[in-house]
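Below: the structure, in structure tokens.
These numbers come from the heavy atoms of this one structure, side chains and all, not from hydrogens, waters or symmetry mates. Counting convention: from 1, in listed order, for ligands and their atoms alike.
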Amino acid sequence: MSKKKTIVVLYNVDYTPEQGDYAARADVEKTAHAVAAAIAASDDYSSALVAATGRQLDFIERIQMLKPASVFNLCETLDAGAGNEVFVPALLDLLRIPYTGNGVLAVSTALRKDRTKRLLESLGISTPRAKTYTSVPKAKPEFGFPAILKPNAEDGSLGISSTSVVHDLAQFKRQAKELFRTYKQPVLCEQYVEGREIIVPLLEDGVGDFEALPWSEIDFSHMPKALPRIVTYAGKWEPSSDEYRGSTTRINPTVKPALKKKIADTARGAFVALECKGYARVDMRISQAGEPYVIDVNPNCDLSPHGGFFRSCKKAGMSYADMVMKLVTLSLRTRAR
Ligand SMILES: Nc1ncnc2c1ncn2[C@@H]1O[C@H](COP(=O)(O)OP(=O)(O)O)[C@@H](O)[C@H]1O
Ligand SMILES: [Mg+2]
């Protein structure tokens with residue numbers, strides 16, 4: 001009889017094709033299958049896929065019945081709400097079942113862009129100036145224009161479009177109104193940083209440091225002149241769009257040594273500040289003056305076989321299975337959540 005221990009691969013199925021953000025959400029199922037296959041091919045573990053559907057909590061019972069050594073947590077949402085992502089690590093903590101990636105604290109902090117920024121600022125980690133609005137603004141922000149508007153508690157470029165960068169009060173009001181109407185949550189208005197966009201993937205190495213993973217840069221050189229050089233929803237998820245063709249990813253960008261150190265320190269600082277565990281991705285923009293600014297921290301970032309995080313692992317010589325098993329091994333270490 002097999003002595004393989006079980007790893008549950010948990011993912012969310014709480015979206016429908018009618019949803020506007022279906023493309024961003026449905027990718028997780030494919031990732032779950034890829035992760036499960038990688039685990040099943042290992043000598044020591046077997047995998048069991050468990051789907052968390054709707055607002056049912058029966059996935060918890062199924063996990064308990066499987067008595068897993070660990071849960072590979074791919075849940076990005078529950079019951080179609082990004083804010084519910086945090087219930088998964090919380091429930092697994094309660095059940096004392098180890099799981100991959102980030103705990104309650106990091107996941108919930110990162111979900112609120114304004115809180116993340118306040119935390120980073122308090123530790124001297126650069127992030128663009130910003131103000132959070134709960135109603136349509138009457139005046140320009142004190143840091144002026146251009147500014148970029150985002151829903152305060154979404155990710156995956158939801159709510160980011162070619163009209164997100166605003167240059168005057170009329171555009172600012174119009175875009176804020178549109179975001180309130182669609183997302184029904186506060187709007188973050190952030191100073192727009194013109195410059196390079198560098199993405200730093202971080203994977204703990206299990207001995208107090210990180211794996212040396214190559215970074216990526218978004219190449220906006222093919223972006224039509226009339227469109228802002230940002231990663232919009234279409235740019236991230238709609239391959240037929242001009243924005244997609246205008247925001248490709250380049251791995252291992254050339255960066256001068258002094259800036260390299262600043263970027264690395266800033267990214268690690270952000271990981272530690274949020275008390276991230278296992279893996280995360282830190283998105284940065286580099287100002288014209290050569291200063292890196294954290295614009296986004298993504299604990300439990302996308303691990304799909306065609307996604308940016310794995311692309312960096314692959315460039316560092318890892319197979320998909322190597323990456324998956326590193327995360328499983330990390331999850332089995334005892335740690336305070
Ligand atoms: N302050 C900023 N300055 C310049 N571009 C920005 C700024 N904030 C966001 N962007 C652009 O918008 C994209 C999405 O913003 P981000 O904060 O990363 O949201 P999400 O959590 O949806 O990924 C970024 O990848 C970047 O291209
Ligand atoms: Mg981002």
Side-chain angles (χ1 to χ4, degrees), residues 20-21 23-25 27 76-77 82-83 85 106-117 120-121 125-132 141 143-167 172 175 179 182-183 185-202 215-223 227-238 241 243-244 246-250 266-267 270 274 280-289 291-302 307-309:
D21 58 352
R25 297 300 175 207
D27 221 38
E76 296 171 344
T77 59
E85 180 185 0
V107 169
S108 45
T109 305
L111 191 67
R112 294 276 190 276
K113 290 186 189 288
D114 56 350
R115 279 176 182 257
T116 300
K117 291 171 69 70
L120 296 176
E121 273 162 11
I125 299 166
S126 320
T127 178
R129 291 179 68 190
K131 186 171 169 167
T132 314
F143 43 85
F145 297 119
I148 180 164
L149 304 190
K150 337 178 182 179
N152 193 43
E154 298 294 341
D155 62 2
S157 284
L158 259 66
I160 311 283
S161 70
S162 58
T163 52
S164 296
V165 181
V166 296
H167 299 87
F172 181 24
Q175 187 66 11
L179 288 177
T182 313
Y183 294 96
Q185 61 180 269
V187 166
L188 184 79
C189 173
E190 196 171 77
Q191 196 164 32
Y192 179 70
V193 181
E194 182 67 59
R196 300 173 73 182
E197 180 160 340
I198 306 268
I199 291 150
V200 181
L202 292 153
W215 306 340
S216 310
E217 175 166 12
I218 311 290
D219 178 2
F220 294 112
S221 56
H222 298 290
M223 188 67 91
L227 297 175
R229 292 160 86 90
I230 59 170
V231 183
T232 62
Y233 183 82
K236 204 174 171 82
W237 301 107
E238 292 166 7
S241 66
E243 286 146 277
Y244 192 92
S247 43
T248 53
T249 306
R250 178 195 299 147
T266 305
L274 268 77
R281 205 189 72 218
V282 179
D283 300 345
M284 277 184 252
R285 296 282 284 214
I286 318 298
S287 71
Q288 304 296 324
E291 206 52 50
Y293 286 88
V294 175
I295 53 166
D296 193 21
V297 184
N298 304 277
N300 290 8
C301 55
D302 178 20
F309 193 88

Okay, side chain of [X], backbone of [Y]: is any donor-acceptor separation there less than 3.5 Å?
X      : Y      : value
Tyr183 : Gly159 : yes
Gln185 : Ala153 : yes
Thr116 : Thr109 : yes
Arg281 : Cys301 : no
Lys150 : Ile160 : no
Glu194 : Gln288 : no
Ser157 : Val231 : yes
Ser164 : Ile148 : no

Which segment of [X] sits under 4.0 Å of ligand 1 when only heavy atoms are counted:
X      : answer
Lys150 : side chain
Ile295 : both
Glu194 : neither
Asp296 : side chain

Using a 4.0 Å cutoff against the non-hydrogen atoms of [X], which atoms of ligand 1 qualify?
X      : result
Glu154 : 21 (O)
Asp283 : 18 (O)
Glu190 : 1 (N), 2 (C), 7 (C), 8 (N)
Pro128 : 1 (N)

In the protein, what heavy atom is nearest to [atom], and what distance, to one decimal place, separates them?
atom                    : value
atom 12 (O) of ligand 1 : Ile148 CD1, 3.8 Å
atom 26 (C) of ligand 1 : Glu197 OE1, 3.0 Å
atom 19 (O) of ligand 1 : Lys113 NZ, 3.3 Å

Original post:
Between Lys117 and Glu190, is there a salt bridge with N-O shorter than 4.0 Å?
Top reply: yes
Does ligand 1 come near enough to [X] that some N or O of the ligand is less than 3.5 Å from an N or O of the residue?
X      : value
Ser157 : yes
Asn298 : no
Tyr192 : no

Original post:
Can you name the closest pair of heavy atoms from Val297 and Pro299 and give their distance?
Top reply: O-CD, 3.4 Å
Subject >> ligand 1 contacted by Arg229 (non-hydrogen, < 4.0 Å) >> reply: no
Original post:
Do the non-hydrogen side-chain atoms of Pro186 and Asp114 ever get within less than 4.5 Å of each other?
Top reply: no
Subject >> Atom of Asp296 closest to the Mg ion (ligand 2), considering N, O or S atoms >> reply: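 The closest N, O or S atom of Asp296 to the Mg ion (ligand 2) is OD2.
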Original post:
Nearest to atom 3 (N) of ligand 1 by heavy atom, Thr232, Val231, Val193: which?
Top reply: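 Looking at heavy atoms only, the winner is Val193.
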Original post:
From Asp283, does some N, O or S atom reach closer than 2.8 Å to the Mg ion (ligand 2)?
Top reply: yes
